[in-house]
Amino acid sequence: MRGRTGRMAVALAATAAALTGTLGLAAPPPAPSPSPPPLPSRMADTGGGSQLITAEAPRTGSTTGTLTWWERRGGRWRAAGSAPARFGAKGLAEGRTRRQGTNTTPTGLYTLPYAFGNAAAPPGARSPYRKVTPASWWCEDNASRSYNRWVEGLPADCAAKESEHLADYPTQYSRALVIAFNYARPVHGRGAGIFLHVNGRGATAGCVSVPAEPMAAILTWLRPSAHPHIAIGTRSGPTAITRY
């Protein structure tokens, strides 16, 4: 009797399992993992404004990565656009200790003082915009009082071979944004002329670059009243973008 009862219980269990499968009553799949918060929400500092550009590379030795521009509305950060980005030919370096001439892009969080270009500002652009002229230079001579500044006409103490004649780069500087790295109180030898600009042929000498169309879109999107900043960094490690 006991054996018969046991066999009946097994049969009933098998029938119930078959019915469950037939009726689609199988156990529900595990709930998907929640999406991580947007990158700005994971950063130590975003500059306090409601617009932010992030330029993130996989690691310090990378010459490519992703640039995303973000808008904060209703207390939440939302991506407004993104583009592939290029970095320095020697990768990225901590901005506070970077040295000039190393072909590295400085990591950190920076303001965006103004835009400039050999081309006209795109329609609808609201940031201050300086048009490049034949006399426009960016002084990068460590011995000059105009170090890391735009100058119209090269000062006597700023050597041309140590500086950039902006009109000589009609593609890269067709449109660009000044990144205020080492800008407010320049430390001579740390680096000068760091911009967000249009792509050239390959990696940069230390700037961040994107294709021409996203560059125009960013200039149209930027609003000085939103106090925009740019954060440059890596996915992890001491130069992780979330640390800035």
Side-chain angles (χ1 to χ4, degrees), residues 36-57 65-87 95 105-133 136 138 148-150 152 166 169 171-186 192-199 204 206-233 241-244:
L39 180 56
S41 297
R42 292 181 275 124
M43 291 174 57
D45 188 7
T46 59
S50 57
Q51 286 188 327
L52 177 70
I53 299 172
T54 57
E56 186 179 39
T66 302
L67 185 132
T68 307
W69 49 107
W70 306 82
E71 188 101 23
R72 184 175 176 85
R73 293 183 179 177
R76 298 183 63 184
W77 286 102
R78 293 178 173 83
S82 66
R86 294 175 180 172
F87 300 98
T105 298
T107 61
L109 179 68
Y110 307 105
T111 58
L112 300 162
Y114 60 91
F116 70 92
N118 284 281
R126 286 163 285 187
S127 292
Y129 194 91
R130 297 190 71 167
K131 185 72 168 61
V132 172
T133 75
S136 301
W138 197 273
N148 203 20
R149 286 292 184 271
W150 176 302
E152 281 295 312
L166 301 180
Y169 303 91
T171 298
Q172 294 94 321
Y173 297 158
S174 57
R175 290 177 176 139
L177 269 168
V178 176
I179 296 174
F181 163 72
N182 197 32
Y183 188 77
R185 297 177 180 175
I194 301 298
F195 312 125
L196 171 59
H197 63 70
V198 175
N199 284 342
T204 73
C207 296
V208 181
S209 73
V210 293
E213 187 174 342
M215 189 70 236
I218 290 167
L219 291 179
T220 303
W221 165 80
L222 278 175
R223 302 191 318 276
S225 61
H227 305 291
H229 286 67
I230 185 169
I232 304 168
I241 199 167
T242 51
R243 297 170 65 97
Y244 296 108

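Predicted model only: the values in this text are computed from it and were never measured.
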Taking Arg86 for its side chain and Gly65 for its backbone only, find out whether a donor-acceptor pair lies under 3.5 Å.
-> no
Smallest separation among heavy atoms of Ala83 and Trp69, with atom names | N-CZ3, 4.0 Å
I would like to know whether Asn199 and Ser209 meet side-chain hydrogen bond (donor to acceptor under 3.5 Å, both in side chains); could you show each step before the answer?
-> CA-CA 5 Å; Asn199 284 342; Ser209 73; 2.6 Å; yes
Assess whether side-chain contact (heavy atoms from CB on, under 4.5 Å) is satisfied between Thr68 and Ile53, documenting all intermediate values.
-> CA-CA 6 Å; Thr68 307; Ile53 299 172; over 6 Å; no
With the side chain counted from C-beta on, respond yes when Thr204 and His197 share a heavy-atom pair under 4.5 Å apart, and no when they do not.
-> yes
With side chains defined as the heavy atoms from C-beta onward, is the minimum distance between Arg175 and Pro122 less than 4.5 Å?
-> yes
Do Val198 and Gln172 come close enough that some side-chain heavy atom pair is under 4.5 Å?
-> no
Is Thr46 close to His229 at the side-chain level, that is, under 4.5 Å between some pair of heavy atoms?
-> no
Got Leu52 and Met43 here, is their nearest side-chain heavy-atom distance under 4.5 Å?
-> yes
Count the heavy atoms belonging to other residues, nucleotides or ligands that lie under 6.0 Å from CZ of Arg243, then report whether that count exceeds 12.
-> no
Return yes if some donor-acceptor pair links the side-chain N/O of Asn148 with the main-chain N/O of Asn182 below 3.5 Å, else return no.
-> yes
Atom CD of Glu213 with >12 non-hydrogen neighbours under 6.0 angstrom | no
Apply side-chain contact (heavy atoms from CB on, under 4.5 Å) to Leu166 and Thr133, showing your working.
-> CA-CA 8 Å; Leu166 301 180; Thr133 75; over 6 Å; no
Check step by step if side-chain contact (heavy atoms from CB on, under 4.5 Å) holds for Val178 and Phe195.
-> CA-CA 5 Å; Val178 176; Phe195 312 125; 4.2 Å; yes
Say whether, by atom type as modelled, one donor and one acceptor occur between the side chain of Arg78 and the main chain of Arg73 under 3.5 angstrom.
-> yes
CZ (Arg76) and CD (Glu71) are apart, to the nearest 0.5 Å, by 14.5 Å
Evaluate the side-chain proximity of Val132 to Trp150: yes if any heavy-atom separation is below 4.5 Å, no if none is.
-> yes
Tell me, do Arg223 and Ser50 make a side-chain contact under 4.5 Å, heavy atoms counted?
-> yes
Measure the shortest side-chain to side-chain distance between Ile230 and Leu177 over non-hydrogen atoms and say whether it is less than 4.5 angstrom.
-> no
Closest non-hydrogen contact found for Leu219 with Ala176 is CD2-O, 4.5 Å
Thr54 side, atom OG1; Trp70 side, atom CH2 - distance, nearest 0.5 Å | 6.0 Å
Would you say Tyr110's side chain and Thr107's backbone share a donor-acceptor pair under 3.5 angstrom?
-> yes
Heavy atoms only: give me the nearest Pro228-Leu222 pair and the separation to one decimal.
-> CB-CD2, 3.5 Å
Which atom names give the shortest non-hydrogen contact between Cys207 and Thr105, and what distance separates them?
-> O-OG1, 3.1 Å
CD of Glu56 to CG of Leu67: how many Å apart, nearest 0.5 Å?
-> 10.5 Å
Hey, what's the ring geometry for Trp138 with Tyr114, parallel, tilted or perpendicular (30° and 60° as the breaks)?
-> tilted
For Ser174 and Thr171, does a side-chain donor sit closer than 3.5 Å to a side-chain acceptor?
-> no
Any idea which heavy atoms bring Pro211 and Pro84 closest together, and the distance?
-> CD-O, 3.6 Å
Reported OG1-to-CG distance for the pair Thr111 and Leu109, which is rounded to 0.5 angstrom | 8.5 Å
With no hydrogens and no angle check, is any side-chain donor or acceptor of Asn118 less than 3.5 Å from a backbone partner on Tyr173?
-> yes
For Arg126 against Thr220, the heavy-atom pair lying closest together = NH2-O, 3.3 Å
